[in-house]
Amino acid sequence: MDVLGRFTMDEKFLKPYNPADTEQRIYTAWEESGYFNPDNLPDAESREPFTIVMPPPNANGNLHAGHALFVALQDLMTRYKRMRGYRALWIPGADHAGFETQVVYEKQLEKEGRSRFGMDPKELYAEILAFTLANKSNMESQVKALGASCDWSREKFTLDPDVVERVQQTFIKMFADGLVYRGKRTVNWCPKHQTSLSDIETESVEENTPFYTMKYGPFEIGTVRPETKFGDKYVVMHPEDERYAKYAHGDTFELEWINGPITATVIKDSAVEMEFGTGVMTITPWHSQVDFEIAKRHGLDMEQIIDWRGKLLPIAGEFEGMKITEARGKILEKLANKGLLVSTDEKYQNVVKRCYKCSTMIEPQVKDQWFVKMAPLAKKAIEAVNAGNVRFIPDHEEKIFRHWMENTLDWNISRQIIWGIPIPAWFKDGDAIASLESPGEGWVQDADTFDTWFSSGQWPLVTTGYPDGKDFATHYPTDVMETGRDIIFFWVARMICFGLYLSGKAPFHTVYLHGLVNDANNKKMSKSKGNVINPLELTEKFGTDALRIGLIVGNTPGTDLALREDKIKGYKNFANKVWNITRFVLENTSGADQMAELTPSDQELRTELDALITDITSDMEAYRIYLAAEKIYHYAWHRLADELLEESKPIFTGNDSAAIASRKALLRSLLRDVLAVLHPFMPFVTEEIWQSLPETEGLLMIAPWPGQTAKAP
RNA sequence: GGGCGAUUAGCUCAGUUGGUUAGAGCGCUUCGUUUACACCGAAGAUGUCGGGGGUUCGAAUCCUCCAUCGCCCACCA
């Protein structure tokens, strides 16, 4: 107040809004208030809990645009609920991201002219740990820069000792319950990364692969992989194929094959498609899933042809030690010379599996691994969805979820990498058991680590302290799982399975799935394309609020988003617009009596905003967040600023003191509510302004959500 | 081979699950520098809502077929 009893407006409003002057200071104020931790909220005990678990970002690099979107969404959900009077908890975390991080680190080693192979495992582990911890704190500071109101005191890292122990205990329990088993089965082997991968860690790509037909004794067989055929000694056909009726199952015959004469056996199996090719094939059980299944059904021999590095073994004779890619041509040449190559279909299209990280062709190999038996877990997950205990937004994702769940095969959780949680298992004489401690003499510990999703699948449980931690009773099940549509199988499906298995309850009632954030041309961002946008560069340029609301407005769940700078720039202008609305209101409402009676027409304007807030509130409750954001944006700019402020000018320059008093009180109350509704979307600028209003006390962050619906539940 | 989605203004997208002249942002045209804001304001142009057929008093919205694009899953060598 100045000497005349008038409010003196902060001079900062005379200049455009500058996010850089504000954001760090405001975030510190929020953090120091302690309200990120819901236990510190006023009347915390009487509040209903609301819980979101943050998808822990991989601690192996900078945040990307997708992280900015999830921070914007989850933070606005948390802030909204906090203002609505909930005991709002958003639990942050960081993921060691096993294989992913190891791949990132290996690339770094490569640049330095080093390789993980030949390194002492303990040294390698220590190096990756240091790398991960450095990136973890980098990642945390970036999440803070985006304004995340998560409770850092509850932050979890997937390699925290209690997490590791919980994950290992789960494995042991699943072993006891018969839900994990040690199986010698076909696995997806990446010859570059020297580890097996789960089915969803491979990419199936349709490619042009020449299809060769070869003479195999009295038969003609087809293959796209001549380099695997050395050991083929079974010829398989459909039992009802009349063309081959004269051959009986088990018949043997001699033939001249790649490296000389062999004895082959006839096998009848209905897995063979009669219509495909000649209806006859030979099998390579060690290097093909289908062939493996056939061999298993009939108890046939299996022999490894290709080693773990992708080179031919001694069975290949003169081709031993050759990489399969270079061997193929030479083998074909030899086959042709021996008159065994009948024909080549150069145009054949075939589905090839590749490593999702390095695109190396996956080599199916038979290996002893730990598998999770998915069927019983999937059954419970589907039941939970059917019962309406888990709801998907957008709802069509439920169909995708269900379809995958109904068809998913057992899950290989063994990884031959050191960067991860060790599998607590021991082997002796072909026996395998799950145990933290050695069962006794002669037992050898499993050297493998868990698929990283085996631990992150238990994330809602471990972050809330399952089974007897202090938050488990209050905050589990959590409320919303907000994450990317692209990890519905990797993560969401597994979390539901683990949650139901361990706690008997689904870990959340709502799954909100956002789409991918693409570049301005709607192309997927990738390092190789060089179109990756660092969100922190955008916040520096346009302010965090602008980036956040720019990612929210018009972005319907499940739909990919083209991230365009001009859109973000538009919301930078909006932040400045709100700033200048405040300037106008403060300049023209000095000495406002907040209790002044509103004129009938002003009362109507007040009622108009009340109705809008009711509408926006129901949008928020129904997760129509993109609409809620647009509505308050539109009201602030095109109703309040363009129309109400304009029509206020003649009132303030007139001499109707009742009208002036009414209008002053009205504008102040409209401004406060606009700031409050806008806060979850644009937390920094709204809080900054709130702190400059003479009539407000405390942080906007914990102010009540306006409107009649604001009562605590 | 199976599944999911999209197709609305030049561009990026909404359209709250059938209801008056279909909306926003950016871009574009014209005007405006009046002390909230030029990071601005006013006015304006632009759409057979992919195509055919159907249901309905009424369809961008529901049904059906077709076309094009995108994504996901997949053990025919």
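Chain letters run A, B, ... following the sequence lines, proteins first, then strands; residues in each count from 1.
Within 4.0 Å (heavy atoms only), A641(A) reaches at least one base atom of the nucleic acid. E293(A) comes within 4.0 angstrom of no nucleic acid atom, judged by non-hydrogen atoms across all strands. D291(A) comes within 4.0 angstrom of no nucleic acid atom, judged by non-hydrogen atoms across all strands. Residue contacts shown for Y623(A) are absent, as no nucleic acid heavy atom lies under 4.0 Å away.
A distance-only check finds a donor-acceptor pair linking the side chain of N208(A) to the backbone of E346(A) [under 3.5 Å]. With T408(A) contributing its side chain and M405(A) its backbone, the two residues share no donor-acceptor pair below 3.5 Å. In this structure, the side chain of R548(A) engages the main chain of P680(A) through a donor-acceptor pair within 3.5 Å. Judged by distance alone, with hydrogens and angles left aside, the side-chain atoms of T223(A) form a donor-acceptor pair with the main-chain N or O of R225(A) at under 3.5 Å. Without hydrogens or angle criteria, K529(A) side chain to K524(A) main chain gives a donor-acceptor distance under 3.5 Å. Looking only at distances, no side-chain donor or acceptor of H298(A) sits under 3.5 Å from a matching main-chain atom of I267(A).
Between the CZ atom of F574(A) and the C1' atom of A24(B) there is a distance of 13 Å, given to the nearest Å. Regarding L14(A), its CG atom lies at a distance of 16 Å from the C1' atom of C39(B), rounded to whole Å. For the pair H634(A) NE2 and A24(B) P, the computed distance is 6 Å after rounding to whole Å. The nearest whole Å value for the distance from the CG atom in D642(A) to the P atom in A38(B) is 14 Å. As a whole-Å value, the separation of L671(A) CG from C37(B) P is 16 Å. Residue K524(A) contributes atom NZ, which lies 6 Å from atom P of C72(B) at whole-angstrom precision. Rounding to whole angstrom units, CE of residue M9(A) and P of U35(B) are separated by 15 Å. Distance K577(A) NZ to A24(B) C1': 17 Å, rounded to the nearest Å.
Separating the NZ atom in K357(A) from the OG1 atom in T202(A) is a distance of 13.5 Å, to the nearest 0.5 Å. Atom-to-atom distance recorded for T186(A):OG1 and K296(A):NZ is 8.0 Å, nearest 0.5 angstrom. Atom CG in N518(A) sits 13.0 Å away from atom CZ in R564(A) (nearest 0.5 Å). A distance of 8.5 Å separates CD1 in I660(A) from CD1 in I651(A), rounded to the nearest 0.5 Å.
Between the P atoms of A14(B) and A9(B), the separation comes to 13 Å (whole Å). Taking the P atoms as reference points, C73(B) lies 40 Å from A59(B), given to the whole Å. G19(B) and A67(B) have their C1' atoms separated by 31 Å, given to the nearest Å. Rounded to whole Å, the P atom of C40(B) lies 9 Å from the corresponding atom of G27(B). For the C1' atoms, the distance linking U56(B) with C62(B) amounts to 10 Å, nearest Å. Atom name P, nucleotides U8(B) and G70(B): the rounded distance is 15 Å, in whole Å. Across the P atoms, U20(B) and U61(B) are found 14 Å apart, a figure rounded to whole Å. Using atom C1' as the reference point in both U46(B) and G23(B), the two lie 14 Å apart (nearest Å).
Contact annotation: Y348(A) side-chain N/O to A77(B) OP1/OP2 distance is under 4.0 Å. The side chain of H638(A) contributes no N or O atom lying less than 4.0 Å from OP1 or OP2 of G23(B). Listed pair N350(A) / A77(B) meets the phosphate criterion, a side-chain N or O lying under 4.0 Å from OP1 or OP2. The side chain of K353(A) places no N or O atom within less than 4.0 Å of a non-bridging phosphate oxygen (OP1 or OP2) of A74(B).
A ring-centre distance under 6.0 Å is not found for Y633(A) and F681(A).
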What nitrogen or oxygen pairs link the protein and nucleotides 4-9 of chain B at under 3.5 Å?
residue : atom : partner : partner atom : Å
G5(B)   : OP1  : K399(A) : NZ           : 3.3

Output one line per pair: protein atom, nucleotide atom from nucleotides 13-16 of chain B, and distance, for all N/O pairs under 3.5 Å.
residue : atom : partner : partner atom : Å
C13(B)  : OP1  : N522(A) : ND2          : 2.5
C13(B)  : O2'  : G554(A) : O            : 3.2
A14(B)  : OP1  : T556(A) : OG1          : 2.6
G15(B)  : OP1  : Y626(A) : OH           : 3.1
U16(B)  : O2'  : R624(A) : NH1          : 2.9

(message) The test is salt bridge (Lys or Arg N to Asp or Glu O under 4.0 Å); show your working for K233(A) and E303(A) and say whether it passes.
(response) CA-CA 10 Å; K233(A) 54 183 183 183; E303(A) 190 169 4; 5.4 Å; no
(request) Check the pair E398(A), R402(A) against salt bridge (Lys or Arg N to Asp or Glu O under 4.0 Å), reporting the backbone distance first and the verdict last. (result) CA-CA 6 Å; E398(A) 182 184 317; R402(A) 192 188 302 272; 2.3 Å; yes
(request) Go through D560(A) and R485(A) one step at a time and tell me if the salt bridge (Lys or Arg N to Asp or Glu O under 4.0 Å) criterion holds. (result) CA-CA 9 Å; D560(A) 292 351; R485(A) 193 189 57 172; 3.3 Å; yes
(request) Carefully, step by step, assess D451(A) and N412(A) under the rule side chain to side chain donor-acceptor pair (under 3.5 Å). (result) CA-CA 8 Å; D451(A) 178 356; N412(A) 175 3; over 6 Å; no
(message) Determine whether E227(A) and R328(A) satisfy the following criterion, salt bridge (Lys or Arg N to Asp or Glu O under 4.0 Å), listing intermediate values before the conclusion.
(response) CA-CA 5 Å; E227(A) 69 276 12; R328(A) 183 178 294 183; 3.0 Å; yes
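Annotation: proximity of residues 271-280 of chain A to RNA chain B (heavy atom, distance under 4.0 Å) is found for V272(A), E273(A), F276(A), G279(A), numbered in ascending order. Using a 4.0 Å cut-off on heavy atoms, none of the residues of residues 229-242 of chain A approach RNA chain B.
Ring-plane geometry between F584(A) and F652(A) is classed as tilted, the angle between the planes lying from 30 to 60 degrees on a 0 to 90 degree scale.
Nucleotides of RNA chain B nearest to N407(A) and I581(A) differ in position, and the one nearer the 5' end is that of I581(A).
Between A36(B), A74(B), C73(B), one nucleotide has an atom nearer to the side chain of F489(A) than all others, and that is C73(B). Taking the side chain of Q289(A) as heavy atoms from C-beta on, and the options C39(B), A36(B), C75(B), the nearest nucleotide is C75(B).
Under a cut-off of 6.0 angstrom, the local environment of CD in E695(A) is crowded, with over 12 non-hydrogen atoms contributed by other residues, nucleotides or ligands.
Using a cut-off of 4.0 Å between Lys/Arg side-chain N and Asp/Glu carboxylate O, E537(A) and K541(A) are scored as not salt-bridged.
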(request) Heavy atoms under 4.0 Å is the rule here; annotate nucleotides 26-33 of chain B 5' to 3' with B where the base is hit, S where only the sugar-phosphate is, and - elsewhere. (result) S-------
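Stem regions for RNA chain B, each three or more consecutive Watson-Crick or G-U pairs with both distances under 3.5 Å and listed by first number, read B:1-7 with B:67-73, B:10-13 with B:23-26, B:28-32 with B:40-44, B:50-54 with B:62-66.
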